[in-house]
Asker: 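Please find one structure pasted underneath; my questions will follow.
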Amino acid sequence: MFSLLYGLWQYMFRRDEYFVLILGLDNAGKSTFLETTQMQFNKNYRGLPLDKVTTTVGLNIGKIDTGRIRLMFWDLGGQEELQALWDKYYAESHGLIYVVDSSDKERLTESRLAFDMMLSSEALDGVPLLVLANKQDLQDVLNMSEIKAEFNQSSRSIGKRDCHIQPVSALTGQGVNEGIDWLVECVQRNSYRRPPHTKEIS
Ligand code: G3D
């Protein structure tokens, strides 16, 4: 009886928190994606107009609540010199979002190499991975097959973790909800490996 009541109390007053890293090259659209995600998921969120959002330098923090789950985002700068800081956050993360600029054909391979370097860290083993093919609202961008062909070269480092490529536009919001819904399901499914932080709802 006690455990039944305790379970009910936990269900009603506690929430699971998962940490999600947002990575990718500079200019890929990470800050814009974080801002749009918070606007779409948080009622009453008052953020910046998207044309005032500036590139991620250092760290942006954000959060969304969906059902009884809270995702805490760490959006890290993608400039080459800042990529060296990414691995400081790996051990604590429950999910990964990697943002690719679909309009930047010249930097596609550079983006895939940074992605490979990221996945070479054992600290990320088994962590669900959402790849966002961003800026799909623009004309003449790389399509999904072109992006998949490039990132398929990393299939060994992706391994058996949950992985999904989602076409999005961080600017218009297209595809953002679908991507986040997928990730929420995966981090929960992976919680036997990376348990969430459980917090009381205040
Ligand atoms: P970063 O944080 O990864 O460095 P930002 O990238 O979010 O600062 O975005 C870099 C530029 O790309 C910004 O333009 C931003 O408006 C634009 N951008 C981001 N996402 C999209 C998208 O989905 N579609 C389009 N068309 N543009 C996008 P500026 O001009 O401010 O540099």
Side-chain angles (χ1 to χ4, degrees), residues 19-42 45-64 71-90 92-93 95-119 121 124 127-151 154 163-183:
F19 286 87
V20 174
L21 276 177
I22 304 177
L23 302 175
L25 297 186
D26 50 292
N27 207 48
K30 299 180 295 299
S31 317
T32 309
F33 174 78
L34 177 58
E35 204 56 27
T36 297
T37 302
Q38 294 187 99
M39 276 192 266
Q40 292 203 351
F41 280 84
N42 297 341
Y45 177 74
R46 292 222 173 76
L48 290 170
L50 291 180
D51 60 356
K52 297 277 184 303
V53 171
T54 53
T55 188
T56 313
V57 180
L59 171 69
N60 285 330
I61 291 177
K63 66 169 187 244
I64 60 166
L71 295 188
M72 306 285 298
F73 294 106
W74 290 325
D75 159 26
L76 300 181
Q79 291 82 351
E80 210 176 336
E81 60 282 10
L82 296 178
Q83 290 175 25
L85 300 175
W86 289 1
D87 64 0
K88 309 285 178 286
Y89 296 83
Y90 291 167
E92 295 295 319
S93 64
L96 272 175
I97 295 177
Y98 191 82
V99 186
V100 179
D101 182 347
S102 314
S103 72
D104 195 347
K105 298 177 192 181
E106 283 179 12
R107 295 185 78 196
L108 182 64
T109 299
E110 182 189 341
S111 175
R112 203 255 309 155
L113 291 173
F115 176 85
D116 258 347
M117 177 63 88
M118 168 187 89
L119 292 183
S121 169
L124 286 177
V127 175
L129 169 62
L130 175 65
V131 179
L132 300 178
N134 192 29
K135 308 198 187 180
Q136 290 290 322
D137 57 292
L138 295 172
Q139 298 283 313
D140 298 325
V141 294
L142 292 156
N143 62 35
M144 293 302 287
S145 348
E146 290 168 307
I147 292 176
K148 279 182 182 164
E150 180 71 32
F151 283 80
S154 303
C163 178
H164 173 63
I165 302 195
Q166 173 76 38
V168 295
S169 166
L171 208 56
T172 67
Q174 168 215 334
V176 169
N177 281 19
E178 290 88 332
I180 294 291
D181 289 348
W182 178 88
L183 193 63

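Remember, it's 1-based here, ligands and their atoms both numbered in the order they're listed. What you see is a predicted model; the values in this text were computed from it and never measured.
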Asker: Which residue in the set T172, V99, N27 passes side-chain contact (heavy atoms from CB on, under 4.5 Å) when paired with K135?
Answerer: N27
Asker: More than 12 foreign heavy atoms under 6.0 Å from CE of M144: is that the case here?
Answerer: yes
Asker: Do the side-chain N and O atoms of D87 and S121 include a donor-acceptor pair separated by under 3.5 angstrom?
Answerer: no
Asker: Test your reading of the structure: does F33 have an N or O sitting under 3.5 Å from an N or O of ligand 1?
Answerer: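 No - when backbone and side-chain N and O of F33 are compared with those of ligand 1, no distance drops under 3.5 Å.
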Asker: Tell me whether Q136 has any N or O atom under 3.5 angstrom from an N or O of ligand 1.
Answerer: no
Asker: If we only count N/O pairs under 3.5 Å, is L171 in contact with ligand 1?
Answerer: yes
Asker: Indicate, as side chain, backbone, both or neither, the part of N134 found under 4.0 angstrom from ligand 1 when only non-hydrogen atoms are considered.
Answerer: side chain
Asker: Got more than 12 heavy atoms from elsewhere within 6.0 Å of CD, E80?
Answerer: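 Open: at most 12 neighbouring heavy atoms sit under 6.0 Å from CD of E80.
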Asker: Nearest 0.5 angstrom please: I22 CD1 to S93 OG, how far?
Answerer: 12.0 Å
Asker: Using a 4.0 Å cutoff against the non-hydrogen atoms of D26, which atoms of ligand 1 qualify?
Answerer: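 So the atoms of ligand 1 that pass are 4 (O).
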Asker: Is L138 touching ligand 1 with its side chain, its backbone, both, or neither, if touching means heavy atoms under 4.0 Å apart?
Answerer: side chain
Asker: Run through S169, S103, S102 and flag the one making a side chain to side chain donor-acceptor pair (under 3.5 Å) with Q136.
Answerer: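 It is S102, the one option of S169, S103, S102 that forms the side chain to side chain donor-acceptor pair (under 3.5 Å) with Q136.
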Asker: Can a non-hydrogen atom of A28 be found less than 4.0 Å from any atom of ligand 1?
Answerer: yes
Asker: Which option wins on minimum heavy-atom distance to atom 1 (P) of ligand 1: Q174, E35, K30, Q139?
Answerer: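 Ranked by closest heavy atom to atom 1 (P) of ligand 1, first place is K30.
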Asker: Measure D137 to ligand 1 on non-hydrogen atoms and call it side chain, backbone, both or neither using the 4.0 Å cut-off.
Answerer: side chain
Asker: Can you see which heavy atom on V100 is nearest to which on S111, and at what distance?
Answerer: CG2-OG, 4.1 Å
